[in-house]
Visitor: 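Dropping the structure in here first, questions after.
The sequence lines fix the lettering, A, B, ..., with proteins before strands; numbering per chain opens at 1.
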Amino acid sequence: MRSILLYLGWGWLFIVLQVSLFAFLPLGEARPDLLFFLVLYLGIEFGTLGGAILVFFLGYVLDLVSSSFFGLNSLLALLLFFGVSWVSRRVDPRHPPFWAVAIAVFSVGEILFFWFWPWLLNPGAKLPAGLFSALVLRTVGNLVVGLPVLKLLYLADNRRGRESAPQL
Amino acid sequence: MWKIWDFIKERRKLFGGIVLLAWAFSLFSAGESPRVSPGPLAKVLLALVYYPGRTITYTLEGLAGIGRSYFLLVGVEAENQKLKQNLQKLEESRFRCRETQAENVRLKTLMQYSQANTYTAVPAQVIGRSQNGGYFSLTLNQGQRAGLRPGLPVATSQGLVGRISEVGFQESKVILLTDRNSAVPILMEKNRSQGIARGTGDGKLEIRYFSRLEDVGVGDLALTSGMEGIYPKGIRVGQVLDVRRKNFGLFQDIWAEPSVDFSRLEEVLVIFMEEPK
């Protein structure tokens, strides 16, 4: 229960920062997605059903707060979580470069999803311009901010004592 | 029944995931349809994010506003100085433009005057004036370089100014019509009778050697006669101001007002009877 509250706290903090501080910074497409890092971390560290519910809930809150298309963040968070936890079971997720690769790959996946789902719903629609620059900028932005954030989450967990941390 | 429950329980992650995904898809597929007013839980969640988010945003905007105001004030002083300098430059430029425009009009008039006559002329600017007793002179900004030499007549579209007395490399001196040493052969426009216009030293002309028998009246126009070959014929010299016909002697006393207002001269034409060298 403590663990759920802790990650809910992280999620709340990240969403608040996402809609206030990060919305204020003039970063354009390079603006990182803080909740994305938490979902990634939960997928790597705790690929359980509890984690999936938590991730779905946080996506739902983000949808409530900021989404222009309700349900998009919930679905994306869930898909990301399952994707990361599936990959984590097949490679060593604690291996440091894994985080960077995971951030880069799933950033690209997230952007592609954001850009392509309207096209999937309506294949006749024209794809908006600037996809490549958006991919590069968002991936770089996520890498720059994401690695320290993942490290922070990891250290916070270790400080509490990973063994004593209840599994989600 | 229990077996099914056990089966589901053993694979709760899979089934839970499927349920969650189905839920997410259902939310997503209804995404763009108009959202109903948020329920109490959604309102609480919104408030939990909205108020801290608003606090952070207001704080950041406040800080940014203070920063902007400070830099704005610092910039305003510099900008003010710069604008003042620009204004001064523009004022100078406007003044120069106005002067150039006026000069252009004057030069055009001079050029038209020059073209209307057969002789060649070199335009020059008046750069100095001198009045010493009854002796009047001007300094021009053209000299030997422009082919000027002593004796050349100087005129404007209004009439005769005088003649060049001294020439420097890039400047020259002009003795005005009204100078005591000036004498110009003239003829009256009306009856073509001739005389000599001399400067009186007080800004007027005295027309001498004008026969007492000739009819001349106030307002008659005196032109250069072209005699002596110094001044071209037909340039206006002045207008008769006063005529005193005595009962004795050969000539009458005539005073005239010069055609040119010397006090306002800025550009003149130096006239060549032949092409300048």
Visitor: By a 4.5 Å heavy-atom criterion (distance strictly below it), what part of F57(A) contacts chain B: side chain, backbone, both, or neither?
Guide: side chain

Visitor: Heavy-atom count check: over 12 atoms from other residues, nucleotides or ligands less than 6.0 Å from R89(A) CZ?
Guide: yes

Visitor: Looking at N142(A), is its backbone amide N or carbonyl O close enough to the side chain of D33(A) to form a donor-acceptor pair, meaning the two atoms are under 3.5 Å apart?
Guide: no

Visitor: Can you tell me which residue among L80(A), L78(A), V84(A) is in a side chain to side chain contact (heavy atoms under 4.5 Å, CB included) with F82(A)?
Guide: L78(A)

Visitor: Counting a contact as any heavy-atom pair under 4.5 Å apart, which residues of residues 102-111 of chain A contact chain B?
Guide: none

Visitor: Please round to the nearest 0.5 Å and tell me the distance separating atom CG of L13(A) and atom CG of L34(A).
Guide: 8.0 Å

Visitor: Check whether N141(B) reaches the backbone of I127(B) with its side chain - one donor and one acceptor, N or O, closer than 3.5 Å.
Guide: no

Visitor: What donor-acceptor contacts under 3.5 angstrom involve side-chain atoms of residues 45-60 of chain B, with partners at least two apart or in another chain?
Guide:
unit_1	atom_1	unit_2	atom_2	d
T55(B)	OG1	Y51(B)	O	2.7
T57(B)	OG1	G53(B)	O	2.8
T59(B)	OG1	T55(B)	O	2.5

Visitor: Run the numbers on Y154(A) and W99(A) for side chain to side chain contact (heavy atoms under 4.5 Å, CB included), then give the verdict.
Guide: CA-CA 11 Å; Y154(A) 186 74; W99(A) 286 359; 3.7 Å; yes

Visitor: For F81(A), is it the side chain, the backbone, both or neither that has a heavy atom under 4.5 Å from a heavy atom of chain B?
Guide: neither

Visitor: Could you give the side-chain donor-acceptor pairs of residues 152-172 of chain B under 3.5 Å, partners two or more places apart or in another chain?
Guide:
unit_1	atom_1	unit_2	atom_2	d
T156(B)	OG1	Q158(B)	N	3.0
S165(B)	OG	K173(B)	O	3.4
S172(B)	OG	Q142(B)	O	2.7

Visitor: Heavy atom to heavy atom, less than 4.5 Å: which residues from residues 91-99 of chain B reach chain A?
Guide: none

Visitor: Measure the CG-CZ distance between L75(A) and F56(A) for me, rounded to the nearest 0.5 Å.
Guide: 9.0 Å

Visitor: Calculate, to the nearest 0.5 Å, the distance between atoms CG and CG belonging to L76(A) and L62(A) respectively.
Guide: 10.0 Å

Visitor: Does any heavy atom of chain B fall under 4.5 Å from the side chain of L17(A), the backbone, both, or neither of them?
Guide: side chain

Visitor: What distance do Y41(A) atom OH and L150(A) atom CG have between them, rounded to the nearest 0.5 Å?
Guide: 8.5 Å

